[in-house]
Every structure is written in C-alpha cells, then in structure tokens.
Amino acid sequence: MKSSKSAHVTWGGRFSAGPAELMLKFSESVSFDHRLAPFDIQGSKAQAAMLAHVGLITKAECKAIQKGLDQILHEVHAGEFKWDIRNEDVHMNIEQKLTERVPAAAKLHTARSRNDQVATDMRLFFKYACVQLGEKIVGAQRALLKAAEANADVLIPGYTHLQRAQPVFLAHHLFAWMEMLERDRQRFAEVFDHANWCPLGAGAFAGTTLPINREFTARELGFVDAKGRARVTQNSMDTVADRDVFLEFAGACAIAGVHFSRIAEDLIIWSSTEFNFISLPDAFCTGSSLMPQKKNPDSCELLRGKSARLQGNLHTLLTLVKGLPLTYNRDLQEDKPPVFDSFDQTALCADVLAGTLGRLTVKRERCAAAVADPALLATDMADYLVTKGVPFRQAHHAVGAVVKLAEQRGVALNELTDAEVAGVHPAYGPDWKDIFDLKRAMERRAGTGMPSPAQLRKQTARWRRILG
Ligand code: ARG
C-alpha cells in the first residue's frame with residue numbers, strides 16, 4: 001500500500017506516517033466542500049476579530065490574518081487557488097495556505113475545531129441558499145402572476161380524479177400553484193431563521209478553557225435576532241452533532257420539488273393534443289429524433305423527474321444522521337453533497353419553471369369549448385334546489401336523475417325540457433335554465449378563496465402587492 005510522504009497535515013503531530021494514498025482519496029472532501037470557501041473565510045475573519053478582541057492575538061496579527069484571507073478569497077474567485085486533497089477539506093486547505101504566507105495564522109485555530117467551523121460554514125451557507133431560493137421562487141411566482149393577468153377572462157374545467165368537475169377561471173388554477181410556491185418561500189424563510197444561530201466556540205464539542213467571546217463572533221457573522229442581539233447555540237455537544245437544518249433545508253427543497261412536479265404534470269396534461277389548453281414555449285421543449293411532428297414537454301418532465309432526486313437527497317441525509325452517537329462522527333462529512341445538490345437543482349428547477357410559465361400560450365377557443373359543457377354546472381343545479389328548500393342529499397339525488405335522463409335522451413343537460421326536469425323534481429321552476437349562464441354561475445362563487453371574478457381581482461391585487 002502506497003503511503004503519502006509525510007504526516008504534514010494540521011493534525012499530523014501524533015502520526016509517524018501520513019495516510020495511504022487510497023485513504024486520502026477516500027477521506028478528502030475538498031472536491032465538493034471547496035464551495036464553502038467564501039463562508040469559511042468569512043468565519044475565519046470573524047474568529048480572528050474575536051481573538052483580537054479578547055486579547056488572544058494582537059491587532060496586528062488579526063490584520064495580517066484578515067488580509068491574507070481576503071487575498072485567498074480573491075484567488076478562489078479568480079479560479080487561481082490550488083486545492084489539494086492532501087489537505088483534506090476546505091478548512092485545512094485555506095488554513096494551510098494562509099499559514100505559509102502569514103505566520104500569525106498559526107494562531108487562527110485557537111479555541112476552534114473543524115467541528116464548530118464546519119457547522120458555522122454550513123449555517124452561513126444555508127442562510128445564503130435560503131435567500132437565493134426565495135428569490136428564484138419569486139421569479140416563478142411573477143411569471144405566474146403575468147400569465148394570470150394576461151388570461152384573466154379564460155375559464156377552464158377544474159378536475160378531480162382527472163375528470164371534468166366544475167368551471168374555474170384559469171387564473172384560479174394558476175393562483176393555486178401560487179399558494180404552493182408561497183408556502184415554499186415561507187418554508188425557506190423559516191429554515192433561514194433556524195440556521196441563524198452561531199456554532200463557533202463550541203470547539204470540538206466541549207468548548208474551550210480560553211476566554212473567548214461567542215457573542216462577539218456571532219454578531220460579526222450576522223447571527224443576530226431582529227433586535228441585533230447575538231444568537232449563539234446553547235449546548236456545545238448538540239452544536240457539533242446537530243444536522244437538523246440540513247434535514248429541514250433538504251426537506252424544503254423536496255417539498256418545493258413535489259410542487260414543481262405537480263405544476264409540471266398539469267402543464268404536460270394541458271399541452272397534450274387531447275386537452276390542448278396551452279402550448280408550451282419552444283425554448284423549453286425538444287423534438288423527437290425519429291418522429292418529426294413531435295414537440296415534447298421536456299422541461300416539465302424534467303421538473304417531475306428532478307423531484308425524485310430532491311427526495312432522494314432528503315432520504316440520504318435522514319439515513320446518514322439516524323442512530324449516530326453524539327457528537328461529531330466523520331460520517332457527517334457526507335452531509336454536504338446532497339445538500340449542495342438539492343440547492344443547485346432546486347435553483348435550476350425554479351428558473352426553468354419561471355421560463356416555462358413565462359412564455360406559455362393559452363388556447364382560448366379550446367378552453368372555452370371545454371368549459372362550455374353544461375354538465376360542469378350539475379352541482380349548481382343541486383344548489384338551485386337547495387335555495388328552494390330541498391335538502392342537499394335529496395337535491396343531489398334529483399340532479400343525478402336529471403343527468404341520467406339527459407344521457408338516455410342523448411342531449412346536453414340544458415337541452416332537456418322544462419316538463420322533463422320538473423318531472424324529476426317539482427322544485428325546478430321555469431327559471432331553471434338560468435343556472436347554465438356561466439358568467440352568473442361564476443359570480444355566485446363569491447366567498448373568500450372562491451373563483452368569482454371579484455375574488456380573482458382581489459387575489460390578483462394581493463399577489464401584485466406581495467410580489468412587488
Ligand atoms: N471535512 C469535515 C466535515 O465535513 C470537517 C470536520 C472534520 N472534523 C473531524 N473531527 N475530523 O465533516
């Protein structure tokens with residue numbers, strides 16, 4: 001077995017030989033955690049400031065360390081920083097390079113462990129990621145609002161069991177998606193809040209004997225409440241063992257993914273030749289390599305597919321943490337790839353959804369033809385009887401009989417004669433056909449959350465306000 005030349009790594013003091021090449025390859029994480037560099041540097045700058053504040057390093061040492069860290073950040077952004085798997089992870093790569101250049105950096109890791117360091121980096125990452133995803137979801141919501149406004153007068157059938165059920169404005173359906181996305185946004189805001197506690201100072205898991213100031217570091221890093229008070233984690237063991245925010249973040253991504261997939265599925269159905277309510281933008285579709293006439297809804301199908309991946313990431317994390325003894329275990333290094341993948345894919349999905357929604361065309365005549373089916377107002381026929389004092393169960397039964405009669409006669413519901421309908425139930429008066437005036441039928445659905453034009457105007461105004 002080949003062994004790497006030296007035990008030069010930061011923890012190498014007690015080792016007489018370095019790890020085997022195979023072990024290096026196996027245990028390195030810098031290939032994926034290098035993207036934490038900006039957060040790691042931010043954390044280290046705050047750590048240096050705190051050490052200077054309490055007198056564990058001098059002001060000059062702090063300045064030299066911070067300057068060196070800024071230089072490294074610059075190199076990272078420019079793609080010039082050389083990551084080396086022999087230094088395992090992002091933390092040691094940066095510290096090693098910094099110490100080569102700035103002797104005082106040998107003091108940076110005072111009262112700190114990679115355990116509280118990685119927890120800090122990740123909490124900073126989560127705060128950043130939640131803001132990013134919130135903004136991307138707003139992008140999709142704005143596209144939805146535009147589509148709703150541009151098609152405010154379009155009616156379509158709403159479905160249960162994928163069977164035509166009752167008429168709704170298309171905008172009402174779009175606003176249902178809007179609510180789903182709004183909850184996703186709120187969920188990311190909540191994850192942000194849960195991430196907003198500073199782990200630094202927990203050390204390996206039992207704190208430190210040195211006189212550090214955790215609140216100072218927390219404030220430096222923006223781990224503060226609405227009043228600017230420092231938020232520091234309250235148990236050093238839990239601090240380095242806890243991965244709840246990872247689970248919550250991946251959970252929020254998985255739920256958003258489920259929402260994207262349901263929206264995508266509706267779009268796929270609507271764009272099929274059988275429905276033909278909409279046409280999806282060419283820019284988000286692809287053709288078939290064999291059948292020249294095909295235009296496939298690939299963006300929507302991938303949104304459906306990606307949701308499986310987001311659920312898988314959540315599952316990976318749950319399984320990773322389950323049954324782990326307190327506190328830190330190296331297993332936890334595997335917590336980062338699923339989190340990063342969930343972030344990247346959720347961001348992509350939100351953008352693709354916004355792009356797809358932003359350019360879809362509504363086929364108004366097809367929608368109008370589909371919603372003209374009088375059977376969609378069968379429930380209104382029952383409500384009519386209720387207003388005449390008939391108990392709903394009896395009314396429901398009577399309308400069933402009317403539907404059956406129309407079927408037998410081979411005519412639409414509203415083509416039966418007054419006598420035929422009154423024959424089924426005497427409460428049907430000469431005005432019964434007014435039920436099928438679609439415009440009035442929609443105006444009657446006037447309660448909060450219902451699809452009347454007045455309610456939709458209210459909701460449109462609400463979303464304009466929320467989305468700015
Ligand atoms: N790369 C490690 C991780 O991501 C950092 C923490 C290492 N801590 C340790 N005790 N080995 O989990």
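Nothing fancy with the numbering, it's 1 onward along the sequence. None of these values were measured; they are calculated from a predicted model.
- Side chain of Asp335 to backbone of Leu317: no donor-acceptor contact under 3.5 angstrom is found.
- Heavy-atom minimum distance, Ile72 versus Ile94: CD1-O, 3.8 Å.
- Under the 3.5 Å distance criterion, with hydrogens and angles disregarded, a donor-acceptor pair is assigned to the side chains of Gln71 and Glu75.
- Applying the ring-ring contact (aromatic ring centres under 6.0 Å, His included) test to residues at least two apart or on different chains, the pairs with a partner in residues 143-167 are Tyr159-Phe275.
- Heavy atoms only, all atoms of each residue included: Ser307 and Gly257 are closest at CB-O, 3.2 Å.
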Take Glu190 and Gln186, measure what side chain to side chain donor-acceptor pair (under 3.5 Å) needs, and give me the verdict at the end. CA-CA 6 Å; Glu190 280 157 27; Gln186 295 299 332; over 6 Å; no
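- Closest heavy-atom contact between Pro297 and Ser271: CB-OG, 4.4 Å.
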Apply side-chain contact (heavy atoms from CB on, under 4.5 Å) to residues Val232 and Thr239 and explain how you reach the verdict. CA-CA 10 Å; Val232 300; Thr239 299; over 6 Å; no
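- Ring-centre distance between Tyr128 and Phe39: below the 6.0 Å cut-off.
- Judged purely by atom type and a 3.5 angstrom limit, Asp33 has no side-chain atom pairing as donor or acceptor with the backbone of Ser31.
- Asn313 contributes no side-chain N or O that, together with a main-chain N or O of Leu310, makes up a donor-acceptor pair within less than 3.5 Å.
- The side chain to side chain donor-acceptor pair (under 3.5 Å) contacts involving residues 261-270 comprise His173-Asp266, Trp177-Asp266, Glu265-Arg304, where partners must be two or more places apart or lie in separate chains.
- Checking side-chain atoms of Lys295 against main-chain N and O of Leu280 turns up a donor-acceptor pair under 3.5 Å.
- Without hydrogens or angle criteria, Gln311 side chain to Ala254 main chain gives no donor-acceptor distance under 3.5 Å.
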Run the side-chain contact (heavy atoms from CB on, under 4.5 Å) check on Leu145 and Met178 step by step: do they pass? CA-CA 8 Å; Leu145 178 59; Met178 190 79 106; 3.8 Å; yes
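- The closest donor-acceptor contact from the side chain of Arg123 to the backbone of His194 lies under 3.5 Å.
- Closest of all the heavy-atom pairs between Gly203 and Asn115 is O-CB, 4.0 Å.
- Side-chain N or O atoms of Arg214 include one that pairs as donor or acceptor with a backbone N or O of Leu200 at under 3.5 Å.
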Take Phe125 and Phe340 through the test ring-ring contact (aromatic ring centres under 6.0 Å, His included) and record every step on the way to the result. CA-CA 10 Å; Phe125 167 82; Phe340 293 152; 5.1 Å; yes
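- Put simply, the side chain of Ser452 never gets that close to the backbone of Met442: no donor and acceptor are under 3.5 Å apart.
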Do Leu56 and Ile212 pass the side-chain contact (heavy atoms from CB on, under 4.5 Å) test, and can you show the C-alpha distance, the side-chain angles, and the key distance before you say yes or no? CA-CA 8 Å; Leu56 283 166; Ile212 61 167; 4.2 Å; yes
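- Among pairs with a residue in residues 208-243, those fulfilling ring-ring contact (aromatic ring centres under 6.0 Å, His included) read His53-Phe216, at least two apart in sequence or across chains.
- Between Gln459 and Arg462, the side chains place a donor N or O and an acceptor N or O closer than 3.5 Å (distance only, hydrogens not considered).
- For Glu149 and Lys146, the salt-bridge test fails: no basic side-chain N is under 4.0 Å from an acidic carboxylate O.
- The pair Asp84-Lys97 does not count as a salt bridge, with every side-chain nitrogen at least 4.0 angstrom from each carboxylate oxygen.
- The shortest side-chain heavy-atom distance between Lys336 and Leu36 falls under the 4.5 Å cut-off.
- The closest side-chain donor-acceptor pair between Glu100 and Gln96, if any, does not fall under 3.5 angstrom.
- Between Asp184 and Lys136 there is no salt bridge, since no side-chain N of the basic residue sits under 4.0 Å from a carboxylate O of the acidic one.
- Between the Asp116 side chain and the Arg112 main chain, no donor and acceptor come within less than 3.5 Å of each other.
- Aromatic pair Phe126/Phe343: centroids not less than 6.0 angstrom apart.
- Closest of all the heavy-atom pairs between Arg366 and Phe277 is O-CE2, 4.2 Å.
- Remark: Lys67 does not engage Asp70 in a salt bridge, criterion side-chain N to carboxylate O under 4.0 Å.
- When every heavy atom of Cys367 is checked against every heavy atom of Val362, the shortest pair comes out as SG-CG1, 4.1 Å.
- A donor-acceptor contact shorter than 3.5 Å links the side chain of Arg142 to the backbone of Leu467.
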Kindly determine whether His34 and Asn93 satisfy side chain to side chain donor-acceptor pair (under 3.5 Å), including the steps that lead there. CA-CA 9 Å; His34 66 87; Asn93 266 269; over 6 Å; no
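- Of the candidates Arg309, Arg35, Lys306, Arg309 is the only one forming a salt bridge (Lys or Arg N to Asp or Glu O under 4.0 Å) with Asp341.
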